[in-house]
Amino acid sequence: MFQAATIKQIAQALSVSPSTVSRALTDSHEVSAETKRQVLAYAEKVNYRSNPVARGLRNKRTNSIGVSVADIANSFFSQAINGIESVAYERGYHVIITQSHDTYHREVINVEHLANRSVDGLLISMSSQTTDYSHVTDLHQRGLPLVLFDRIIPEMQTFKITTDNVRSAFEATALLIQKGYHKIAFLGNAPHLSITQERLQGYSDALAAHNLTPEQHLVKYCYEGGRNQHEIKAIVQELLSAPWGTEALLIASDRISTETVRVLSMLDVPRPLSIIGFSNSEVIDLLSPSISYIRQNAFEMGRIAAQKLITLIESKYPVYEFDTTLLSSELHWAGI
């Protein structure tokens, strides 16, 4: 088993005390220049690296932050993590990433594991299956710095960073209406998720603004977040075969957008169907059938979330004033 070199081993090899080695490694004025030279030379020889856990015990920090997301294979989350890391490493923090795969049970295990590893703080985007938030709120109440991004808990008093989902969905729906589509279906993630509720509000507001009555049979939820192709296929087939004649789709989730296009490519679609979906996929333009898309500023979301969390971690006093940051998105029309 690999054993990292320790201060105690360096001290024994050089016949000095561990405290002398520690002071030499931190360039203390209490140690002579010659002793520093010997300690540093030997430390380099044995490839000594300072132990962040031990250092954290002294400083009451581990200089690490935990991240809980649904799926790092999702382009949105991978881009958000890039934003998180860009700030964290610049500020001297390590990032520990976990995936819930959109399951409540795994999210609880991951969050508890990160907390037990004494991370300095947590960045969380909620699982689509999570309706009981106690595993998050309990840690927050016990004083662990915690910031929510993308899929947030609206009532929780902490920093929250997400897309301006209401505006994004409103603009997408309004564009479809302007293109002449009136029977527009909404495909959302689990109905309790903040992003689903906000995007549904934007969709409904746009219909109302154009004197169209929202029709409940055109609103569909994918409770497994696009992970179950059979669920997506059943919804799409129902919409295509329904007597009301679905003309367009607004898809309120990255993974559901991709899976819906995949399902449509396997079906005999009786009439043209215009689609706008939330998607940060780098290959979205290559999909067939073509899809217009709403691209979220995932990198910036991760960057701001990390900045806010480190602000909480490094604050010398309790923070009681929080804000919610809403980021704009970009709507790319495919011309369909």
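This chain uses plain numbering: 1 for the first residue, then up along the sequence.
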Quiz item: Can you find a heavy atom in the side chain of Phe278 that is under 4.5 Å from one in the side chain of Asn165?
Solution: yes
Exercise. Grab the two heavy atoms, one from Glu107 and one from Ser100, that are nearest each other, plus how far apart they are.
Key: CB-CB, 3.8 Å
Self-check item: Closest approach of Ala70 to Arg151 (non-hydrogen atoms, all atoms of both residues)
Solution: CB-NH1, 3.8 Å
Quiz item: Do Ile276 and Trp333 come close enough that some side-chain heavy atom pair is under 4.5 Å?
Solution: yes
Quiz item: Roughly how far, to the nearest 0.5 Å, is CD of Gln307 from OG1 of Thr325?
Solution: 10.0 Å
Exercise. Looking only at non-hydrogen atoms, find the nearest pair between Arg262 and Ser265 and report the distance.
Key: O-OG, 2.6 Å
Quiz prompt | Contacts of Arg199 that satisfy salt bridge (Lys or Arg N to Asp or Glu O under 4.0 Å) - sequence neighbours left out | solution = none
Exercise. For side-chain contact (heavy atoms from CB on, under 4.5 Å), just list the numbers for Thr62 and His94, CA-CA rounded to whole Å, side-chain angles, deciding distance to a tenth of an Å, and then say yes or no.
Key: CA-CA 9 Å; Thr62 61; His94 296 282; over 6 Å; no
Quiz item: Can Thr162 and Leu327 be said to form a side-chain contact (heavy atoms from CB on, under 4.5 Å), step by step?
Solution: CA-CA 6 Å; Thr162 189; Leu327 298 178; over 6 Å; no
Quiz prompt | Close side-chain approach of Pro214 to Val219, heavy-atom, < 4.5 Å | solution = no
Quiz item: Is there side-chain contact between Phe159 and Thr324, with heavy atoms separated by less than 4.5 Å?
Solution: no
Quiz item: Out of curiosity, does Phe299 fall in the hydrophobic cluster containing Ile72 (side-chain heavy atoms, cut-off under 4.5 Å, transitive links)?
Solution: no
Quiz item: Got a sec: does the CD of Glu90 have more than 12 other heavy atoms crowding it under 6.0 Å?
Solution: no
Exercise. Drop me the distance from Glu112's CD to Ser68's OG, to the nearest 0.5 angstrom.
Key: 11.5 Å
Practice problem: Check Gly121 against Leu309 and note the closest heavy-atom contact, atom names and distance. | Solution: C-CD2, 3.8 Å
Quiz prompt | Aromatic ring pairing Phe186/Tyr203, orientation class (parallel under 30°, perpendicular over 60°, tilted between) | solution = tilted
Quiz item: What distance separates His192 NE2 from Gln129 CD, expressed to the nearest 0.5 Å?
Solution: 8.0 Å
Quiz item: Which ILVMFWY residues are connected to Val108, directly or by a chain of links, through side-chain heavy atoms under 4.5 Å apart?
Solution: Tyr104
Practice problem: Find the distance between CG (Leu287) and CG (Asp285) and round it off to the nearest 0.5 Å. | Solution: 8.5 Å
Quiz item: Any side-chain heavy atom of Arg303 sitting closer than 4.5 Å to one from Ile84?
Solution: no
Self-check item: Test salt bridge (Lys or Arg N to Asp or Glu O under 4.0 Å) applied to Lys233 - qualifying residues, sequence neighbours left out
Solution: none
Quiz item: When clusters are formed by joining ILVMFWY residues with side-chain heavy atoms under 4.5 Å apart, either directly or through shared neighbours, do Met301 and Leu326 land in the same one?
Solution: no
Quiz item: Heavy atoms, side chains only, cut-off 4.5 Å: are Lys308 and Ile161 in contact?
Solution: yes
Practice problem: Inspect the contact between Glu30 and Arg23 and indicate whether a charged nitrogen and a carboxylate oxygen are less than 4.0 angstrom apart. | Solution: yes
Quiz prompt | Contact summary for Gln157 and Phe322, nearest pair of heavy atoms | solution = O-CE1, 3.3 Å
Quiz item: When you look at Val166 and Gln197, which way does the side-chain contact (heavy atoms from CB on, under 4.5 Å) test go after all the steps?
Solution: CA-CA 9 Å; Val166 176; Gln197 295 174 0; over 6 Å; no
For a quick test of your reading: what N or O donor-acceptor pairs under 3.5 Å do the side chains of residues 245-255 make, sequence neighbours left out?
| from | atom 1 | to | atom 2 | distance (Å) |
| --- | --- | --- | --- | --- |
| Thr246 | OG1 | Leu239 | O | 2.9 |
| Thr246 | OG1 | Trp244 | NE1 | 3.2 |
| Glu247 | OE1 | His182 | N | 2.7 |
| Glu247 | OE1 | Lys183 | N | 3.0 |
| Asp254 | OD2 | Asn280 | N | 2.8 |
| Arg255 | NH1 | Asp71 | OD2 | 2.9 |

Quiz prompt | side-chain contact (heavy atoms from CB on, under 4.5 Å) between Gln9 and Val46, intermediate numbers included | solution = CA-CA 10 Å; Gln9 290 170 344; Val46 298; over 6 Å; no
Quiz item: Under a 4.5 Å side-chain heavy-atom rule over Ile, Leu, Val, Met, Phe, Trp and Tyr, are Ile294 and Phe170 clustered together?
Solution: no
Quiz item: What are the two closest non-hydrogen atoms of Ser257 and Gly277, and how far apart are they?
Solution: OG-CA, 3.4 Å
Quiz prompt | Verdict with reasoning, Ser281 to Ser279, per side-chain hydrogen bond (donor to acceptor under 3.5 Å, both in side chains) | solution = CA-CA 6 Å; Ser281 171; Ser279 180; 4.8 Å; no
Quiz item: Hey, mind stepping through Ser134 and Thr137 against side-chain hydrogen bond (donor to acceptor under 3.5 Å, both in side chains) and telling me if it holds?
Solution: CA-CA 5 Å; Ser134 58; Thr137 56; 5.6 Å; no
Quiz item: Using links of under 4.5 Å between side-chain heavy atoms of ILVMFWY residues, direct or through other members, which residues join Ile96 in one cluster?
Solution: Val111, Leu114, Val119, Leu122, Ile124, Met126, Tyr133, Val136, Leu139, Leu144, Leu146, Leu148, Ile152, Ile153, Met156
Exercise. Give a yes or no on whether a salt bridge exists between Glu224 and Arg227, defined as a side-chain N under 4.0 angstrom from a carboxylate O.
Key: no
Quiz item: If you group Ile, Leu, Val, Met, Phe, Trp and Tyr whenever their side-chain heavy atoms sit less than 4.5 Å apart, what else falls in with Ile195?
Solution: Leu193
Quiz item: If we only count heavy atoms from C-beta on, is the Val95 to Tyr89 side-chain gap below 4.5 Å?
Solution: yes
Exercise. Could you tell me whether Glu34 atom CD has more than 12 heavy atoms of other residues or ligands within 6.0 Å of it?
Key: yes
Quiz prompt | Side-chain touch Val69/Phe149, heavy atoms, less than 4.5 angstrom | solution = yes
